[in-house]
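Written out below as structure tokens is the structure these notes cover.
Along the sequence shown, the residues carry numbers beginning at 1.
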Amino acid sequence: MAHFGFENDISAAMRIDKSMTKVPLMRWERKLAERPGSSGSSKNSPSKPLQQQNSVHSRTPGRTPFKSSKGLGEQNKTLTPSSAATGDRFIPNRNTTQVDLGHFLVTNRSASTNGEPISPTKEHFQKTMNENLNGQKFESKIMGYHQRPPELPEGAGSQLKVLYSMATPGTNTKSLRHIPQAPERILDAPEILDDYYLNLLDWSSQNVLAVCLGASVYLWHATSGEIQQLMEMEGNDEYVSSISWMNEGNHLAVGTSTTEVQLWDVTKMKKLRSMGGHSARVGSLSWSAHILSSGSRSGYIHHHDVRVADHLVSSICAHSQEVCGLKWSPDGKILASGGNDNALHVWSSDLGQQSAVYSFNQHQAAVKALAWCPRQHSLLASGGGTADRCIRLWNVNTGTCLTSVDTNSQVCALLWSKDYKELISSHGFALNQLTIWSHPSMTKVTELTGHTSRVLHMAMSPDGSTVVSAAADETLRLWKCFAVDPQKKAQKSVAQLETGIMRKMCIR
């Protein structure tokens with residue numbers, strides 16, 4: 001029977017569903033047996049010491065022999081999705097859907113598309129008011145598929161916004177200056193001609209504004225507010241077609257529809273002389289020291305020396321149609337002329353030269369708006385009429401176009417700011433606005449609206465802070481859009497004075 005006992009021992013050793021009795025103790029059992037105060041009965045019941053070890057020690061053994069059914073049940077419970085669902089993934093939840101908000105947005109969008117175009121300034125104002133009044137309500141989703149998260153307590157969002165929007169020490173944050181959207185003053189200009197090709201407004205260095213109203217020229221003294229009538233044409237069909245102040249501000253050149261150019265002394269209110277030579281109305285005038293250049297409807301440009309009796313220095317056939325834009329550069333070295341033939345020409349200071357230095361034909365309409373940059377004398381800005389609507393910047397030293405911007409409306413006049421790197425333009429249909437552009441990016445800074453008809457003319461005050469605009473709605477509006485901080489202005493004047501003193505010292 002001995003072999004039956006041997007087979008029983010082999011089968012017992014190969015079975016895995018029965019506990020093994022004659023095996024070495026496991027490591028945790030040996031440590032438990034070596035602990036002082038442990039009972040020897042713990043060797044026969046391994047489950048109890050395991051529970052004690054897990055509850056007393058923070059360390060876990062390399063192998064856990066048993067797992068409680070309670071822990072397994074808790075694990076399965078956390079992995080199973082909750083039965084208290086708040087909606088289907090594809091069906092919106094009525095409690096979280098904002099039906100009224102969706103209806104308002106749809107009706108408001110349809111109403112805004114049928115209305116008139118809104119300026120960027122007004123659009124920014126509406127957006128700011130909407131955020132202040134409604135918060136993030138309009139930016140939230142209309143259809144909700146899940147329950148809304150709990151709202152933050154009052155003041156929590158603003159505190160975080162302040163915390164993370166503060167500028168770090170040492171960073172230079174450029175503050176935006178305030179530009180008034182309303183004119184500082186409005187003056188009546190009855191009988192001002194609605195003619196795109198004329199130049200009927202100019203502001204002198206003595207702070208006197210000259211404006212042509214039909215057949216008359218009026219002077220408005222900005223300091224005192226006094227208004228004077230300088231002259232008036234005698235004929236019924238005669239009118240004043242252009243004016244331009246001399247650099248000193250004491251003499252005014254007047255171009256008329258009778259083909260003559262008159263020179264007036266405004267201090268004595270007296271006409272000094274009349275200069276002929278043109279065969280059509282004189283629509284543009286520009287000064288360079290004692291040289292007066294005049295452009296007429298015939299396409300000719302005449303240069304007059306007002307100091308001598310024989311005033312006509314030279315005559316140039318510049319354009320095939322009317323010369324509507326004429327500007328000398330600040331240093332008096334270059335003359336720019338624009339005509340109704342869509343051409344822009346650049347002439348040298350050599351008055352006897354009959355050919356232009358550069359001729360540009362990129363504009364697709366009449367070129368009336370011309371302006372020289374006061375900081376870069378080789379930088380010229382030009383604007384085209386209704387068919388073109390573009391502002392172009394030119395480098396007259398190289399004859400290249402630096403940039404071009406489509407303004408979406410007729411460009412009537414251009415002016416450079418003296419204190420800021422900005423450019424202002426006046427426009428016609430549809431907004432009849434004044435637009436300020438940042439240079440050299442040519443991004444829109446703001447728009448000044450108020451005129452009800454196209455803004456034909458602009459002029460700048462001697463200090464460069466105020467721009468006056470004249471429109472076909474027979475009004476003059478004064479915009480203080482380039483006002484300078486008095487503190488910065490004082491610092492700039494001191495720096496200029498120190499620079500002048502240093503130059504004198506170097507010369508000596």
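- Each ring-ring contact (aromatic ring centres under 6.0 Å, His included) pair with one or both residues in residues 459-482, not counting sequence neighbours, would appear here, but there are none.
- Looking at residues two or more places apart in sequence or on another chain, you find no salt bridge (Lys or Arg N to Asp or Glu O under 4.0 Å) involving Arg392.
- A ring-ring contact (aromatic ring centres under 6.0 Å, His included) check over residues 408-431, counting only residues at least two apart or in different chains, returns the pairs Trp416-His439.
- At a cut-off of 3.5 Å, with distance as the only test, a side-chain donor of Gln321 or Asn340 sits close to an acceptor on the other residue.
- None of Gln364, Gln362, His363 except one satisfies the side chain to side chain donor-acceptor pair (under 3.5 Å) rule with Asp388; the exception is His363.
- Judged by distance alone, the side chains of Ser315 and His302 do bring a donor and an acceptor atom under 3.5 Å apart.
- Counting non-hydrogen atoms of other residues, nucleotides and ligands closer than 6.0 Å to CZ of Arg185 gives a total of 12 or fewer.
- The side-chain hydrogen bond (donor to acceptor under 3.5 Å, both in side chains) search around Ser294 returns His278, His304, not counting sequence neighbours.
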Side-chain donor-acceptor pairs of residues 216-223 under 3.5 Å, sequence neighbours excluded:
unit_1 : atom_1 : unit_2 : atom_2 : d
Ser216 : OG     : Gln229 : NE2    : 3.4
His221 : NE2    : Gln228 : OE1    : 3.0
Thr223 : OG1    : Asn207 : ND2    : 3.3

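- Gln354 meets the side-chain hydrogen bond (donor to acceptor under 3.5 Å, both in side chains) test with no other residue; sequence neighbours excluded.
- For the residue pair Ser293/His303, the side-chain donor-acceptor check at 3.5 Å is satisfied.
- Partners of Arg389 according to the salt bridge (Lys or Arg N to Asp or Glu O under 4.0 Å) rule, which considers only residues two or more places apart in sequence or in another chain, are Asp406.
- Remark: Asp305 pairs with Arg307 by the salt bridge (Lys or Arg N to Asp or Glu O under 4.0 Å) rule, at least two apart or across chains.
- Ser382 and Trp394 share a side-chain donor-acceptor pair at under 3.5 Å.
- Judged by a 6.0 Å distance limit and a 45° cone about the ring axis, Lys368 is not positioned over the six-membered ring of Tyr197.
- Trp245 meets the ring-ring contact (aromatic ring centres under 6.0 Å, His included) test with no other residue; sequence neighbours excluded.
- With sequence neighbours excluded, the residues that form a side-chain hydrogen bond (donor to acceptor under 3.5 Å, both in side chains) with Asp194 are Arg454.
- With contacts defined as side-chain heavy-atom distances shorter than 4.5 Å, the pair Val254/Val261 does not qualify.
- A donor-acceptor contact closer than 3.5 angstrom links the side chains of Asp463 and Ser465.
- Taking 4.0 Å as the cut-off between side-chain N and carboxylate O, Glu422 and Arg177 count as a salt-bridged pair.
- Side-chain contact between Leu292 and Trp328 is absent, with no heavy-atom pair separated by less than 4.5 Å.
- Remark: Asp350 CG is packed, more than 12 non-hydrogen atoms of other residues, nucleotides or ligands lying under 6.0 Å away.
- In this pair, Trp347 and His345 present their aromatic rings perpendicular. The plane angle is above 60°, beyond the 30 to 60° band.
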Test log, rule side-chain contact (heavy atoms from CB on, under 4.5 Å), inputs Leu252 and Met246: CA-CA 6 Å; Leu252 179 67; Met246 201 174 185; over 6 Å; no
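- Residues that satisfy the salt bridge (Lys or Arg N to Asp or Glu O under 4.0 Å) test with Asp195, not counting sequence neighbours, are Arg281.
- For Thr466, there are no side-chain hydrogen bond (donor to acceptor under 3.5 Å, both in side chains) partners at least two apart in sequence or on another chain.
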